[in-house]
Amino acid sequence: MQTKTVLFIEGDGIGAEVWAAGRPVLDAAVEKAYGRARKLEWKELLAGKKAFDATGEYLPEATMTALKNCDLAMKGPLETPVGGGYRSLNVTLRQVLDLYACIRPIRYFKGIESPVKRPDLVDMVIFRENTEDVYAGIEYKSGSPEAKKLIAFLRDEMGANVDDTAGIGVKPMTPNGCKRLVRKALTFAVRHARPSVTLAHKGNIMKFTEGGFRAWGYGVAAEEFADKVMTEADAQAGAKKPVIIKDRICDALFQQVLINPEQYSVIASPNLNGDYLSDALAAQVGGLGLAPGVNMSDEIAFFEPTHGTAPSIAGKDLANPGSLVLSGAMLLEHIGWHEAAALIHASVEKVISAKRVTVDLAGQISGSVQVGCKEFGDLLGQGL
Ligand code: NAI
């Protein structure tokens, strides 16, 4: 029997419920696809409140050590209390494990009401850079000594005219950081026979950061994927290669994905653009309720539903386990167990078409019957 070990963190809030409802669906899909020939082996790691109750730490050393030495993990949502207490566990995990690529597939499931006319044409995978850009955390408050010092430097040394009262943020973007993200997107496109990779940038305005992203992205394509990837200009000149790399200015791309979604497949983006695009695209196919994701380094693929701990519905059997189940399907695709992933996608479609869904989806599907978290998981299992 081929077994694949997955380290998992249950998570806070609705974490326990969505795991209890969702994990059996993943195991059942593997069993249905491969009988006893393949199996997922789950090993729990402690983090968040469950870890604190057991060890007095929110992110125990044993958890970090195990994660640093694994290639496959999955987590539920972890709470970040507003206003301090402790540092965001999600940010800590991202930084310590160097999870530089945030990857979110956006696809439509028949039956969900969408704000656009042809949501069925949406089938995109967003690769968002996760460590750089204005999210790097270099920011100084308006009027602070640090902001004043930086403003004085910009004025006196660099000749830049910045108002004395400005809050200041810095936007670092490196060739390495941008290239490794685009490399991951191109590798994915080639491996999964995706027709195009679009670089989403604002390089017309921010020439050395966003413009750098564009230039470095094309550079990776030319230097490392010349046999598989061509530019739009190459294609117009008659070249034939499996993947086209193109770029769009991000504001125009927001229009494009609404008007011509079929022209976009893989999107590679710096951090901020990617953040906005991921949620906007998820809304185009009916919201975040069914949005899976993965954060990746070169060593580890760390899958997670994109929602948070949903404290107001935690413990009430109201949560939708669909995002966790679809994150599991991504994991199965990642390890090449495509048949099991396909069974899950088909089941999600079947259960949604039967209009028996959790409360979040019930609001988007007229004539639907509301079921609880556990029952929704059971239905997904039966639909395989
Ligand atoms: P949230 O995603 O927990 O909730 C937003 C809204 O969506 C709420 O109305 C909630 O009830 C609903 N919702 C979320 N997941 C749902 C599900 N599976 N089924 C049905 N309804 C669902 O986001 P919020 O409220 O901003 O954050 C709550 C906590 O979660 C915070 O501590 C935040 O830091 C944390 N969080 C953790 C994330 C992670 O671990 N990756 C991601 C986002 C938030």
Side-chain angles (χ1 to χ4, degrees), residues 8-23 25 45-52 58-59 63 67 73-97 99 101-104 109 112 126 128 130 135 271 274-276 278-279 282-283 286-296 300-331 348 351-352 356-365 368 370-377 379-380:
F8 78 100
I9 292 170
E10 192 174 82
D12 302 319
I14 58 171
E17 295 160 72
V18 292
W19 272 107
R23 198 175 107 186
V25 181
L45 300 178
L46 292 179
K49 186 163 182 317
K50 197 169 179 181
F52 187 79
Y58 284 100
L59 203 50
T63 295
L67 288 170
M74 195 161 155
K75 65 181 271 296
L78 290 167
E79 183 188 346
T80 306
V82 179
Y86 57 84
R87 207 164 149 232
S88 162
L89 300 182
N90 290 310
V91 173
T92 306
L93 288 170
R94 202 176 300 162
Q95 287 176 347
V96 175
L97 300 172
L99 302 170
C102 174
I103 302 159
R104 291 201 196 165
F109 287 99
I112 296 193
I126 298 190
R128 165 189 168 196
N130 227 355
Y135 285 25
N271 208 337
D275 194 4
Y276 296 160
S278 302
D279 278 20
L288 289 166
L290 289 170
V294 61
N295 289 301
M296 285 176 88
I300 176 177
F302 204 163
F303 295 82
E304 65 171 348
T306 58
H307 58 73
T309 59
S312 64
I313 59 166
K316 297 181 180 163
D317 194 34
L318 289 173
N320 181 355
S323 181
L324 180 126
V325 168
L326 290 171
S327 300
M330 269 183 96
L331 180 151
V348 171
V351 173
I352 288 172
R356 290 167 65 79
V357 291
T358 44
V359 59
D360 56 312
L361 293 176
Q364 288 175 278
I365 303 174
S368 58
Q370 187 185 321
V371 300
C373 177
K374 183 176 179 321
E375 188 177 348
F376 194 64
L379 290 169
L380 290 175

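From a predicted model like this one, the values you see are computed outputs, not experimental measurements. Reckoned from all heavy atoms, side chains included, excluding hydrogens, waters and symmetry mates. We count ligands from 1, going down the list as the structure has it; atoms in each ligand are counted the same way.
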Taking the basic N atoms (NZ, or NE/NH1/NH2) and the acidic carboxylate oxygens, is any pair closer than 4.0 Å for R104 and D279? yes

Does some non-hydrogen atom of S323 fall short of 4.0 Å from ligand 1? no

Any N or O of L318 closer than 3.5 Å to N or O of ligand 1: no

Can any side-chain N or O of D12 pair as donor or acceptor with the backbone N or O of G48 at less than 3.5 Å? no

Return the orientation label for the F8 and W19 ring planes: parallel under 30°, perpendicular over 60°, tilted otherwise. tilted

Is it the case that the side chain of Q364 and the backbone of I112 share a donor-acceptor pair, with hydrogens and angles ignored and the cut-off at 3.5 Å? no

Rounded distance (nearest 0.5 Å) linking atom CD of E17 with atom CG of L324: 12.0 Å

Does the N or O separation between I313 and ligand 1 drop below 3.5 Å for any pair? no

Would you say ligand 1 has an N or O under 3.5 Å from any N or O of E304? yes

What do you reckon, does N90 put a non-hydrogen atom under 4.0 Å from ligand 1? yes

Note: ligand 1 atoms sitting under 4.0 Å from heavy atoms of K75 are 39 (C), 40 (O), 41 (N)

Out of V359, D12, T309, whose heavy atom is nearest to atom 30 (O) of ligand 1? T309

So is I14 close enough to ligand 1, meaning a heavy atom under 4.0 angstrom away? yes

Please indicate whether any nitrogen or oxygen in L78 is less than 3.5 Å from any nitrogen or oxygen in ligand 1. yes

Any donor-acceptor pair under 3.5 Å linking the side chain of S88 with the backbone of N90? yes

